[in-house]
Number of protein chains: 2
Amino acid sequence: MNKRSGIKSKKRILDAAMKVFAEYGYAKANMRVIAKASDISIGGLYLYFKNKEDLYLTLMKSRMGDFAGKTMESVKDINDPAKALGIFIAMSLNYAKKHKELILVQGREHGFAFGLEMKRKFFRKQRGLIENIIRQGIQSGTFKKVDVQKTARIIFSVIRGFVLSIVVEPDSLFSPEECSNLILNGLIRRNNK
Amino acid sequence: MNKRSGIKSKKRILDAAMKVFAEYGYAKANMRVIAKASDISIGGLYLYFKNKEDLYLTLMKSRMGDFAGKTMESVKDINDPAKALGIFIAMSLNYAKKHKELILVQGREHGFAFGLEMKRKFFRKQRGLIENIIRQGIQSGTFKKVDVQKTARIIFSVIRGFVLSIVVEPDSLFSPEECSNLILNGLIRRNNK
DNA sequence: TTTATGCCTGAACGCTTGTTCATGTGAACT
DNA sequence: AGTTCACATGAACAAGCGTTCAGGCATAAA
């Protein structure tokens, strides 16, 4: 079982590591299991990654990049701010639901010092997107004159909370439509209906 | 340094364990450090707790009980549903901010199989509270006729997301007032202002 | 004083972990 | 054919972990 492409091996390791990390979390996942899942030897892992932390960080960086890219792309050409917000929310929730693995791994390592900066960067980026949508909405008169940053934080919190629910209570999720609807229109009844 | 009250020792261990778990997370926290922080021997720990898991679970159960009790008490006598929701949100956010330790520990162990049921129970209880408020709001005509359960989930998600932010980005929190305002009134502008 | 009881100790055990390194192997080039 | 080089191996090492247990000490009861 010798002689394989280095690139393929690296990819195989990353894919396998994702599954293992998702199942056990960083601390409990061990290199032997990852090696076996990658169909490579323990020593082989260290050919491609400096150590366990390097493997984890490389993995998270690449997967979070995908995530951010997808959501970003989904709103860039929408002009109606209400619609843009709805689509952003829908994209985020659906992507999260479809890629539970990533959430699981992330969910298990929230407090870790390493990787924290990476997460913050990701979150800031996502929040920036929401801020832009809100700003446009205010400018066009569609939205109220709210505090852009704080409102973006609240909306982002809903998404983040949803994502967390996937880990803890996968059975009690809500739909993107209802979520957008509540945020856009609020809970209090007005005029007629 | 002998002869101490068993009850006091147990309490001392729990308090110390909270700090250690908060700093290191479950997996990385070790019994030696907890023992030292509790001013007791390693063996001493095992007089009060069957093992590490038992210690962790006992700790979480008691602290989450407090948390739930406080928020519950804060809304039980409020009749105006909008106000009740606002207070519940404010209580939750403020309590979370004030007791970051608990959040930290929880935040670090989200995926763990053990303790998951306990968390679910807690979450269901909290969500039930929100549902009741919404139901009252609809009945009294203050709120729209929304889907009670799903709306409660969304609102609870905001709170959960906020709580998560405490761990990841303590500098980008939002105020309870703005949060309630967005949920109650929505983002879209109406009529005049 | 002897015995019993409750609280406490920490060396020692067995196991798991991340990481290293001497060694092996096959394909490509000379 | 020999040489080189990238890819791969897994036993071995050192460190850390949770847990146990034979024993110690102080107070209360006999």
Side-chain angles (χ1 to χ4, degrees), chain A residues 1-61 105 108-109 111-116, chain B residues 1-61 105 108-109 111-116:
Chain A
M1 205 198 295
N2 232 339
K3 272 303 94 185
R4 295 183 289 194
S5 141
I7 299 172
K8 277 197 175 180
S9 289
K10 188 161 185 174
K11 194 181 168 337
R12 228 180 39 250
I13 294 171
L14 284 171
D15 287 342
M18 177 57 113
K19 283 178 197 162
V20 177
F21 280 134
E23 187 170 350
Y24 298 101
Y26 179 83
K28 274 200 154 188
N30 75 68
M31 298 301 265
R32 264 158 266 258
V33 172
I34 295 175
K36 196 158 274 178
S38 313
D39 193 30
I40 204 174
S41 66
I42 307 164
L45 292 181
Y46 288 86
L47 286 174
Y48 298 99
F49 302 96
K50 216 171 94 261
N51 50 36
K52 189 185 178 185
E53 185 178 327
D54 180 38
L55 169 55
Y56 175 77
L57 251 41
T58 307
L59 180 61
M60 286 303 105
K61 231 179 203 164
V105 182
R108 288 183 207 246
E109 315 297 341
F112 268 43
F114 73 83
L116 234 190
Chain B
M1 201 196 294
N2 233 338
K3 274 303 90 186
R4 295 183 289 195
S5 142
I7 300 173
K8 277 198 175 181
S9 289
K10 186 160 187 174
K11 193 183 170 332
R12 225 178 41 251
I13 293 171
L14 284 171
D15 288 341
M18 177 57 113
K19 284 178 195 162
V20 177
F21 280 134
E23 188 169 350
Y24 297 101
Y26 179 84
K28 274 200 152 187
N30 74 68
M31 299 299 266
R32 266 157 265 257
V33 172
I34 295 175
K36 197 157 273 178
S38 313
D39 194 29
I40 206 174
S41 66
I42 307 165
L45 291 181
Y46 288 84
L47 286 174
Y48 298 100
F49 302 96
K50 215 170 95 262
N51 50 34
K52 191 185 178 186
E53 184 177 328
D54 179 37
L55 170 55
Y56 175 77
L57 250 41
T58 307
L59 181 59
M60 287 302 107
K61 228 178 205 164
V105 182
R108 285 182 208 247
E109 315 298 339
F112 267 42
F114 73 82
L116 234 191

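Residue numbers begin at 1 in each chain, while the letters A, B, ... track the order of the sequences.
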Take atom [atom1] of [X] and atom [atom2] of [N], then tell me their distance rounded to the nearest Å.
X      : N       : atom1 : atom2 : value
R12(A) : dC7(D)  : CZ    : P     : 12 Å
K10(B) : dG6(C)  : NZ    : C1'   : 15 Å
F49(A) : dA8(D)  : CZ    : C1'   : 15 Å
I13(B) : dC8(C)  : CD1   : C1'   : 11 Å
K8(B)  : dC7(C)  : NZ    : P     : 14 Å
D39(A) : dT9(D)  : CG    : P     : 8 Å
L45(B) : dC17(D) : CG    : P     : 14 Å

- Hey, can you tell me if Y26(A) and Y56(A) have their rings parallel, tilted or perpendicular (30° and 60° cut-offs)? perpendicular

Using a 4.5 Å cut-off on heavy atoms from C-beta on, say whether the side chain of L55(B) contacts that of Y48(B). no

Residues at least two apart in sequence or cross-chain that pass side chain to side chain donor-acceptor pair (under 3.5 Å) with K11(B), listed by chain then number, are D15(B)

Rounded at 0.5 Å granularity, tell me how far [atom1] in [X] sits from [atom2] in [Y].
X      : Y      : atom1 : atom2 : result
S9(A)  : I40(A) : OG    : CD1   : 4.5 Å
T58(B) : E53(B) : OG1   : CD    : 10.0 Å
K19(B) : L14(B) : NZ    : CG    : 12.5 Å

message = Measuring to OP1 and OP2 of dC8(C), would you say a side-chain N or O of S9(B) lies under 4.0 angstrom away?
response = yes

Whether each nucleotide of nucleotides 12-23 of chain C has a protein heavy atom under 4.0 Å at its base (B), only at its sugar-phosphate (S) or at neither (-) is summarised, 5' to 3', as B----BBBB---

